[in-house]
Amino acid sequence: MTTFASGTDTLTRDALTVLQPGFTGTTAPDWLLRRLGEGLASVGLFGRNIASPEQLAALTARLRVERDDVLVAIDEEGGDVTRLEVRTGSSFPGNHALGAVDDIELTRQVACELGRRLAACGVNLNWAPSADVNSNPSNPVIGVRSFGADTTLVARHTAAYVSGLQSAGVAACTKHFPGHGDTAVDSHHALPRIDAALDVLSDRELSPFRAAISAGTRAVMSAHILIPALDPDRPATLSRPVLADLLRGELGYRGLIVTDGMEMQAIAGTYGIERGSVLAVAAGADAICVGGGLADDETVRRLRDALIAAVRSGELPEERLAEAAERVRELARWTATAARAEGEPRPDIGLVAARRALTVTTGGAGHFTPLTEAPYVAAFTPVANIAVGDETPWGVAAELARLLPGTETGSFAGERAGREALEAAGERRTVAVVRDEHRHPWMATALDALLRSRPDTIVVEMGVPQAPPRGALHIATHGAARVCGRAAAEVIAGP
């Protein structure tokens with residue numbers, strides 16, 4: 001059973017309970033174990049904490065020695081955003097691929113299988129799915145993390161994902177409320193703003209969240225975005241009109257409200273993490289996510305002390321903090337009693353989904369003959385956003401090398417990317433791999449140069465396929481997960 005360190009008062013325990021901190025390393029540090037004994041109720045995991053399923057299971061088991069009801073959270077969307085398979089790429093396609101297939105039972109099965117794997121490793125809260133409607137093609141941070149640009153499609157797949165994930169006993173955390181899709185700014189770097197009217201927000205942004213709530217999502221994550229129609233002064237994470245009035249009141253949501261990472265510049269750069277955390281809880285948030293960048297005991301202490309000081313000064317009502325802490329405990333109780341998925345596991349479901357998600361367009365000849373000799377793979381590589389990270393491999397080169405030994409690859413970017421790729425490829429058949437060509441003019445220029453000289457070039461788009469298909473063969477994978485690369489390689493090299 002959980003025990004608390006002697007002398008830890010109720011206010012201190014509640015302040016620790018609402019925190020969801022991270023840490024560095026693949027074993028739990030002493031400070032984290034000590035805080036669990038004092039009242040900390042949640043721990044957030046990132047790619048840096050995971051080496052293998054066996055190691056992860058041992059880590060979560062060690063956390064539960066200190067606190068048996070600890071919430072172990074992770075940012076495992078599948079697709080481009082993976083922590084379980086951060087060094088290899090995901091076995092599951094992401095939301096955009098599932099939306100492209102538009103089979104809600106497939107989405108449910110993928111989410112269920114992902115949930116099984118998380119549960120087997122001792123993870124019981126997943127900061128997923130993304131319910132954002134990717135209505136802005138220039139969005140730099142959502143993109144393939146969204147099921148698509150159609151509100152009704154996003155809504156039905158969000159509900160299916162929530163249902164599938166939670167059928168495996170893992171709580172879903174639907175994000176980023178009230179919707180991060182219509183932005184051209186990444187909230188990791190600055191504060192995005194959505195200037196949409198209330199009726200547009202209600203019909204477009206909020207519909208997927210209504211579907212998630214109806215499906216029983218156990219948690220909702222707030223977005224660090226400013227929406228003047230809802231609150232002209234504060235971003236959603238810090239806004240009582242957004243969290244208390246809209247999410248709790250109008251939408252009737254009763255589960256846990258989690259903030260997005262408080263060290264993101266949209267909050268930290270303007271309010272600071274201590275002030276931001278106090279404002280978030282006062283506005284209606286129940287759990288403070290921190291640890292993607294700041295992952296140490298000092299951060300936990302600073303936030304704990306800021307919450308305690310705010311209660312003692314009267315800025316934060318003690319009953320609001322107590323209510324938030326109780327919601328964390330309610331979710332912990334649910335995870336302890338949630339039924340686990342029945343039936344046989346489907347370890348192949350991710351590849352099945354990735355294959356179905358492909359959109360294949362042949363060039364002027366109207367047909368494509370699979371390659372029999374090893375090609376040269378030119379990866380036109382954009383800067384990865386922070387949510388995706390740059391440590392996860394992507395592309396088709398590794399899978400093509402397995403099917404066509406001798407395949408070589410290079411990474412190119414910038415104004416000379418096309419010419420440098422041509423020089424590197426020599427006489428070999430070229431496969432050009434892009435990611436969101438429509439958002440990167442240099443990438444489109446590189447493809448122009450490549451296709452002028454080598455019209456037989458195969459193009460694989462692993463982002464949102466907004467640019468017109470071109471090349472002797474154009475494959476849109478709708479995501480850059482490892483299984484998406486494998487599915488594309490199978491088309492290029494033949495069965």
Side-chain angles (χ1 to χ4, degrees), residues 17-20 41-45 60 63-64 67-78 83 95 107-108 110-132 154-179 206 208-223 237 243-244 246-249 251-261 280-281 284-289 323-342:
T17 296
V18 303
L19 302 182
Q20 293 190 347
S42 308
V43 175
L45 299 179
T60 59
L63 296 175
R64 290 193 169 92
R67 180 166 185 148
D68 55 7
D69 64 345
V70 64
L71 288 172
V72 181
I74 198 169
D75 194 7
E76 181 58 51
E77 299 176 14
R83 312 306 179 210
N95 285 2
T107 294
R108 192 198 66 79
V110 167
C112 179
E113 185 61 29
L114 179 57
R116 286 182 195 266
R117 296 195 190 182
L118 291 172
C121 295
V123 176
N124 54 12
L125 171 60
N126 191 9
W127 293 319
S130 168
D132 307 298
V154 173
R156 62 178 173 264
H157 285 277
T158 296
Y161 197 105
V162 167
S163 174
L165 187 64
Q166 293 188 166
S167 73
V170 175
C173 183
T174 306
K175 61 188 184 186
H176 305 81
F177 186 82
L206 296 184
F209 290 96
R210 292 192 190 96
I213 292 168
S214 295
T217 186
R218 293 287 164 173
V220 168
M221 178 176 282
S222 66
T237 293
L243 299 186
L246 176 58
L247 182 53
R248 292 274 186 227
L251 300 188
Y253 176 63
R254 295 292 175 263
L256 189 76
I257 299 177
V258 184
T259 73
D260 207 343
V281 175
D286 305 306
I288 302 297
C289 176
E323 176 189 52
E326 180 55 27
R327 282 211 180 89
V328 175
R329 298 180 190 116
E330 286 177 5
L331 182 57
R333 289 192 288 271
W334 179 85
T335 62
T337 59
R340 299 297 187 262
E342 299 179 356

TODO: Look at the side chain of Ser214 and the backbone N and O of Arg210, then say whether any donor-acceptor pair between them is shorter than 3.5 Å.
DONE: yes

Task: Test item: Leu247 and Ile213 side chains (from C-beta on) under 4.5 Å apart, heavy atoms - done: yes

Open item on the list: I'd like to check the side chain to side chain contact (heavy atoms under 4.5 Å, CB included) partners of Ala111; sequence neighbours left out, ordered by chain and number.
Closed with: Tyr161, Leu165

Open item on the list: Is any side-chain heavy atom of Ser167 closer than 4.5 Å to one of Arg108?
Closed with: yes

Task: Pairs flagged by salt bridge (charged side-chain N to carboxylate O under 4.0 Å, His left out) wherever residues 119-132 is involved - sequence neighbours left out - done: none

Task: Side chain proximity check, Arg116 to Val170, heavy atoms < 4.5 angstrom - done: no

TODO: State which residues pass salt bridge (Lys or Arg N to Asp or Glu O under 4.0 Å) with Glu326; sequence neighbours excluded, sorted by chain then number.
DONE: Arg329, Arg333

- [ ] Identify, with sequence neighbours excluded, every residue that meets side-chain hydrogen bond (donor to acceptor under 3.5 Å, both in side chains) alongside Arg248.
- [x] Asp286

Task: Minimum heavy-atom distance between Gln166 and Ala172, given as atom pair plus value - done: OE1-N, 3.0 Å

Task: NE2 on His176 to OG1 on Thr237, rounded to 0.5 Å - done: 9.5 Å

Task: Partner residues of Ala120 under the side chain to side chain contact (heavy atoms under 4.5 Å, CB included) criterion, sequence neighbours left out - done: none

Task: Those residues that, when tested against Ser42, pass side chain to side chain contact (heavy atoms under 4.5 Å, CB included) (two or more places apart) - done: Gln20, Leu71, Val328

TODO: Taking salt bridge (Lys or Arg N to Asp or Glu O under 4.0 Å) as the test, write out the residues that go with Arg156, two or more places apart.
DONE: Asp102

Task: With sequence neighbours excluded, residues passing ring-ring contact (aromatic ring centres under 6.0 Å, His included) with Phe177 - done: Phe209

Task: Distance, nearest 0.5 Å, that separates CD1 of Ile74 from CZ of Arg83 - done: 8.0 Å

Task: Nearest atoms (heavy-atom pairs only) where Ala155 meets Ala211 - done: O-CB, 3.4 Å

- [ ] For Gly169 and Ala338, work out which heavy atoms get closest and say how close.
- [x] CA-CB, 3.9 Å

Task: Atom pair CG (Leu243) and OG1 (Thr259), whose distance is rounded to the nearest 0.5 Å - done: 9.5 Å

Open item on the list: Looking at every heavy atom in both Ala212 and Thr158, which two are closest together, and how far apart are they?
Closed with: CB-CG2, 3.8 Å

Task: Pairs touching residues 158-175 that satisfy salt bridge (charged side-chain N to carboxylate O under 4.0 Å, His left out), sequence neighbours left out - done: Asp75-Lys175, Glu77-Lys175

Open item on the list: So, using salt bridge (Lys or Arg N to Asp or Glu O under 4.0 Å) as the criterion, who are the partners of Glu76 when residues are at least two apart?
Closed with: none

Task: Considering all heavy atoms, the nearest Ala324-Val18 contact - done: CB-CG1, 3.8 Å

TODO: State the SG-CZ distance between Cys112 and Arg117, to the nearest 0.5 angstrom.
DONE: 11.5 Å

Task: Separation of Leu118 CG from Asn124 CG (nearest 0.5 Å) - done: 9.5 Å

TODO: Could you tell me which residues satisfy side-chain hydrogen bond (donor to acceptor under 3.5 Å, both in side chains) with Thr174, sequence neighbours excluded, listed by chain and number?
DONE: Thr217

Task: Non-neighbouring partners of Ala219 that pass side chain to side chain contact (heavy atoms under 4.5 Å, CB included), sequence neighbours left out - done: Leu125, Cys173, Tyr253, Leu256, Val258

